[in-house]
Each structure stands twice: as C-alpha cells, then as structure tokens.
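Since the model is a prediction, treat every value here as computed from it, not as a measurement.
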Amino acid sequence: VEMAKEDLEGKPDNVKEKIVEGRLKKQFEEVALMGQKWLKDEDKTVEEILKERIAKLGENLVIRRFARLTLGEGLEKRDTDFAGGVEKELEKYRSD
C-alpha cells in the first residue's frame, strides 16, 4: 500500500523501499507502547523509563495494562450562548 503512494512515483525501487521502511518504522513506534515517547520527558521512550525504574528500585516491573489517549480526547466543546449567559447573569442584579 505504501509503495503505491503518489509521492513515490518515479523514484528508484531501492529508494522507495527505504522510504517505506522509514514510514512503517515511524508508524510502529507511534502505536507500540514501549517505543512511544514518555509523556513527562519526550526525550525518552517508555521502554527507557521502565528500565530506569527497574534499575532504581531493583525490582522487575511489568506493565499489565495501560490506556491509550488521543490528543484532545475527552475535551468536548460546550455549545453555549455566551451572550445569553451574560444576559442571564445580569438579570440577577437588575431591579425592575
């Protein structure tokens, strides 16, 4: 599938293979937990942090489960009428 993409047309086969290999490697790193960047320090991977913690604690640590989050996931935009809300608040303080 990657080999047939338009941006690879007209390139030699050996160059195509290297480009596709790089793309697949990058995609795998983004999907596989151990190759993902650590949230608190993006210079390190989850695997590197795990090895550091094992060395520090002297215990074998095993990741049993994890939750995959997507950037912005869970942040629902509220559809509120700002002007209506201001008007409602002002009504509290008006004396007719």
Any chain of hydrophobic side-chain contacts (each under 4.5 Å) joining [X] to [Y]?
{"X": "V46", "Y": "V31", "answer": "no"}
{"X": "V20", "Y": "V15", "answer": "yes"}
{"X": "W38", "Y": "V62", "answer": "no"}

Note to self: Could you check whether atom CG of L61 has more than 12 heavy atoms from other residues, nucleotides or ligands sitting under 6.0 Å from it?
What the structure shows: yes
task: Please check if atom CD in E21 has more than 12 non-hydrogen atoms from other residues, nucleotides or ligands closer than 6.0 Å.
output: no
To the nearest 0.5 Å, atom NZ of K37 lies from atom CD of E42 at 6.0 Å
CD1 (I49) and CE (M34) are apart, to the nearest 0.5 Å, by 11.0 Å
Task: Heavy-atom check, side chain of Q27 versus side chain of R23, under 4.5 Å - done: no
inquiry  = Main chain of N14, side chain of E17: is a donor-acceptor contact present, judged purely on distance under 3.5 Å?
reply    = no
Which donor-acceptor pairs under 3.5 Å do side chains of residues 50-59 form with protein atoms, sequence neighbours excluded?
from : atom 1 : to  : atom 2 : distance (Å)
E52  : OE1    : K44 : NZ     : 3.4
E52  : OE2    : K44 : NZ     : 3.0

Check step by step if salt bridge (charged side-chain N to carboxylate O under 4.0 Å, His left out) holds for K92 and E89.
CA-CA 6 Å; K92 292 179 184 178; E89 288 298 314; 3.1 Å; yes
